[in-house]
Number of protein chains: 4
Amino acid sequence: MIDFCLFGAGLIGSVHAANLGRHPMVRFRYIVDPRPEAAQRIAALTGAEIVDAQTALDDPELQAVMIASATKTHADIATAAAQKGKAIFCEKPIDLDIGRTDACLAAVAKAGVIFQIGFNRRFDPSFRSLKRRLADKEIGAVEQVIITSRDPEPESEEALAGGGGVFREMTIHDFDMARNLLGEEPVELFATGSSLVSPAYARLGDYDTAMFVMRTASGRQCHINNSVRASYGYDQRIEVHGSEGMLRAGNRVPTSVEISNGSAISTDKPLYFFVERYAESYAAELDHFIGCIQTGQQPDVGAEDGRKAMILCEAALASAKSGRFEPIRY
Amino acid sequence: MIDFCLFGAGLIGSVHAANLGRHPMVRFRYIVDPRPEAAQRIAALTGAEIVDAQTALDDPELQAVMIASATKTHADIATAAAQKGKAIFCEKPIDLDIGRTDACLAAVAKAGVIFQIGFNRRFDPSFRSLKRRLADKEIGAVEQVIITSRDPEPESEEALAGGGGVFREMTIHDFDMARNLLGEEPVELFATGSSLVSPAYARLGDYDTAMFVMRTASGRQCHINNSVRASYGYDQRIEVHGSEGMLRAGNRVPTSVEISNGSAISTDKPLYFFVERYAESYAAELDHFIGCIQTGQQPDVGAEDGRKAMILCEAALASAKSGRFEPIRY
Amino acid sequence: MIDFCLFGAGLIGSVHAANLGRHPMVRFRYIVDPRPEAAQRIAALTGAEIVDAQTALDDPELQAVMIASATKTHADIATAAAQKGKAIFCEKPIDLDIGRTDACLAAVAKAGVIFQIGFNRRFDPSFRSLKRRLADKEIGAVEQVIITSRDPEPESEEALAGGGGVFREMTIHDFDMARNLLGEEPVELFATGSSLVSPAYARLGDYDTAMFVMRTASGRQCHINNSVRASYGYDQRIEVHGSEGMLRAGNRVPTSVEISNGSAISTDKPLYFFVERYAESYAAELDHFIGCIQTGQQPDVGAEDGRKAMILCEAALASAKSGRFEPIRY
Amino acid sequence: MIDFCLFGAGLIGSVHAANLGRHPMVRFRYIVDPRPEAAQRIAALTGAEIVDAQTALDDPELQAVMIASATKTHADIATAAAQKGKAIFCEKPIDLDIGRTDACLAAVAKAGVIFQIGFNRRFDPSFRSLKRRLADKEIGAVEQVIITSRDPEPESEEALAGGGGVFREMTIHDFDMARNLLGEEPVELFATGSSLVSPAYARLGDYDTAMFVMRTASGRQCHINNSVRASYGYDQRIEVHGSEGMLRAGNRVPTSVEISNGSAISTDKPLYFFVERYAESYAAELDHFIGCIQTGQQPDVGAEDGRKAMILCEAALASAKSGRFEPIRY
């Protein structure tokens, strides 16, 4: 059994809490959150004890931390946990600032602890199958990747104000997926963003609708399209074109029921949002993290992946302003 | 918490064991199986204690039994459990003999205990959604029901020899689904069976390939097609035609990945067999059973459903021999 | 160029007229119909001359007749055309009476003329592809065939009164398709019919909703389901199960457009009725007929096919009354 | 009847020739092509007379010309035809040079003749349905358009050497479709091209794999992806995201047959190339042109559409070199 502490009792923290609570290899010891009600809700469901960060990290039996707290706290918690020799699972982004990100990752590297970044989509059964089939050369060499990633509805202005902006909160997952599928690092990135959905984004200098193009040194290309609103539900699709064909992974629907009537033939909308769509991914990424703790191997999605995705976010922010294909300097 | 005893540590018993083991309202106390190895496997996974039937049933704290043992033992265990006042979940069929079935159900009725029959497909999310939409009159009045039900591969001759034949082991689920969807009891049934897949079935006087037609008093019709082999995996589909349209529920696939290449556009095969396809159904039927124990209400799928499906099996066996539309006498 | 006469200027006659009018190998000489307005409409569109049957058949340059007139006239026209040595394309059924059918086919055989029966669905691109792939053993040996065949809406009572009943007007196509796909002649047939859609059918002693099961000598099985109403449009599907897989052919839709919105994901309904769905089939069966005239070979769908499908209709009528698996005597 | 002359007896000319040959309102008088064999082939099939351009244009009975000759001849033929008062259907592009394009369109405008440009995809039944449903506000206001456009295989180096490059020969159709669907003119365009498929393109300074992003003044965005190779056949898809949902139009397949076997569930590949996929579009654009000749109205796809699509091509060529979001100056 592995003793865990969870930092953060919000929406994403609750998802992790449920998986920690039912995992046969986990003893879910501590929940840390400055908001007592949120912490108590998770404590009640799982039996985890509410403590402060220091208490948790000081417990020599604690082996692993899951960091799902506010973005600005990630780097400090990860750094402290690394210094205590804990295995670290950290939600993305590590930090909105590259300098702080690098400092945190240096502390992690120095401590030599297991570090996994929460790019959960890598563990989606369909995306994982697609990736494996790419690796098996089922469609030859990759030439173009097209990623569709659209949230069901915009966030409230309050939630937005506390975040890192759409590119660093939402597109970062797509940037990681692009890196994962292209088979080469992107070296140039173009971005354009608009305000078409909710004025709250524009008021914060952010975009609610965006398109991206990347290319690698050999000329492979990737397009991403984003919107903060999809009336039909969470839209998460991947399309990869190779020299010998195309692989696609589509959305997931709650049932297979289809109705034919005087109007149309209709099926279910996609699952509503990430909690439903990526339920299996969150469980699988925890399995992977625990497997790494047991074997001592670094996770497949680690510190460098977190850092490089952030650098793509920076390039995207620059390109959206410059209107240029921005070089990417890792 | 509700104390459970599971009878039967075979394939279907293992499915129930896993669900009992992870259910937050269940204390999985006892496993009963005459085969020590099978029982030990489940005990090791779940912490259930291996006991004999009498010991389990004599425990006054035991509230519920799940009967997933050999078919011929169902009626005796259910009768004994009823006499001890336990809530009973019984895999289908209750017994291969209608007389013994009736005697068992009389004991259950006399004891007034909760009794649920294991028609798990009623709890499949897609079939349940289809049924609800029928009830909501989305396609008006039901006119025809078409049920496709095909196993991935034939059973071994040993397994067959111990069973009740294809109609009572396999089609019984389809008969229950037909009753569930037609909205009226079938009053006539036609069946024809062939030996096209495996000579083992014919040697036992059984069929490996069959078609059925039923009708209700008002003239609603239902077709079922069965085979013990589907090279592409478990094929479980429903199609309902009503006065204002058609509702269909299809198979489930492991991923949404699609490949387009020089040969074709191809997607995943359906999930392999009932353990995978009906994983959610088994969990949901247990939830329903537990909810009934808590509220004291009889389950939606109870003794009468078990009995009537068996009567349809009898009519099917008669029709396959007589070549006639056989009347159904409940 | 081949000189043609068309008998019948109704709906199906109009479909044939359009194809005759645009076929590069056809000189569309004559249209025969007792209803002057109908005949004139076709004459105006195609340049065909309105004549009586005798005039047309007496023309020694006339090589071919297409018989799309009222059912009761088919046998007489075909017999007369055979005696004049014309190639004959005859809409199904040849006659509602088997005795008259046999007499007509005897005259055709004696004359040795080309005779094709209008089972157009054999020429549907999807059904033809499915049949070829069956012949190529893509799914091994055929075991079960399932045919869905549902008209968009019931006919008027006037139209019904002049026809041969649903089995001989509608199911006859499905019987032919069953024979075409089973690879063996059906030897037993079960039918049941209901009155669920329109009382007009019942008043005429007919059925508007029906199900059928057939089997061949080796035990292959076929199910057909029929309705005279499908609110979503013409429903024409085939599913064949073989020892190594399943082949299906579905409906055709007017466009590939799909909408995703807050309600559902929806696509087009199937094409409305046979004129739209089988447009390519009608053109292709004419091509086949002309090819046979040119080469002197008998068509792939000939006199025996017309006769055997009628015998299946007779067995179905008998079974719907007897409630028995009726033997089929060709 | 309208007298037509066709210029060009190549692949696209042959498609138009067949449609001219069977159109009930067309008298297909002349075919003009410097290659005698090509001209004779079309003459033999349609009865058109082989003449030189001058003879055709001098015929006062000639009402309409279809220009499907080599790109560099389009502007001169169109200018001459305009001066003779003929209705003009001109394949895209009008000319590779904007100055020559403008001069030609000035002559057309001065003559006041009907002028239609060959953007056949506007007449594809699925794309036309999608466009109509956009206009009906089925998904609210347009926000993003995604166009997938991939040829089945690269052209030979000889064919490439005589053409205008991938952007002006292939992407031009996608640029027109983008304009058609965005509902506003694009004002900025980003393009990137690679050499991943065939070195012939790179040798000519061209690209075989490309991605584009455009935006309109209000911030609507459009992505296009192109490749000269799709092993599964011609890939022509459109996806439009609006404020209230998504509309998509997919590829067309030859049959509806689906096979399920031990490997996968597989359907037909898309139709091979534009001749098959856009067969209905070519017929429909001719219908539209003839309708315009009859009513005197200018076609829905006219001179300005041809010119603006070329300007987008120019911007794309500039952007692929500059790496910048290029402003579009119409």
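Keep in mind that this is a model prediction, so the values were computed, not measured. Keep in mind that the numbers below use all heavy atoms, side chains included, and drop hydrogens, waters and symmetry copies. Lettering of chains follows the sequences in order, A, B, ..., and the numbering in each one begins at 1.
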[X] side, atom [atom1]; [Y] side, atom [atom2] - distance, nearest 0.5 Å:
X	Y	atom1	atom2	answer
A/Leu182	A/Met177	CG	CE	11.5 Å
A/Phe123	A/Lys131	CZ	NZ	12.0 Å
B/Thr255	A/Leu130	OG1	CG	8.5 Å
A/Leu6	A/Asp33	CG	CG	8.5 Å
A/Asp176	A/Arg122	CG	CZ	4.0 Å
B/Asp3	B/Met1	CG	CE	8.0 Å

Between B/His173 and B/Phe119, ring centroids under 6.0 Å: yes
Sub-6.0 Å ring centroid separation between A/His16 and A/Phe89: yes
Interchain contact, A/Asn251 with chain B, by part (heavy-atom threshold 4.5 Å): backbone
B/Arg128 versus chain A, the contacting section by heavy-atom distance below 4.5 Å: neither
Among B/Arg133, B/Arg22, B/Arg252, residue most engaged with chain A (heavy-atom pairs, under 4.5 Å): B/Arg133
Choice from B/Pro254, B/Ser260, B/Ser266 maximising heavy atom contacts with chain A below 4.5 Å: B/Ser260
Side chain to side chain contact (heavy atoms under 4.5 Å, CB included) between B/Val145 and B/Gln221, worked out: CA-CA 6 Å; B/Val145 174; B/Gln221 301 163 356; over 6 Å; no
Whether A/Ser129 side chain and A/Pro125 backbone form a donor-acceptor pair below 3.5 Å: no
Polar side-chain atom of B/Arg27 near backbone of B/Ile2 as donor-acceptor pair, under 3.5 Å: no
Donor-acceptor side-chain pairing of A/Asn180 and A/Arg121 below 3.5 angstrom: no
Residue pair A/Arg150 / A/Asn226, side-chain donor-acceptor N/O under 3.5 Å: no
Results of side chain to side chain donor-acceptor pair (under 3.5 Å) for A/Ser256 - residues two or more places apart only: B/Ser126
For chain A, which residues of [range] have heavy atoms nearer than 4.5 angstrom:
range	value
residues 229-250 of chain B	B/Glu244, B/Gly245, B/Met246, B/Leu247, B/Arg248, B/Ala249, B/Gly250
residues 135-144 of chain B	B/Glu138, B/Ile139
residues 271-286 of chain B	none

Evaluation steps, side-chain hydrogen bond (donor to acceptor under 3.5 Å, both in side chains), between A/Thr216 and A/Glu185: CA-CA 6 Å; A/Thr216 69; A/Glu185 294 292 348; over 6 Å; no
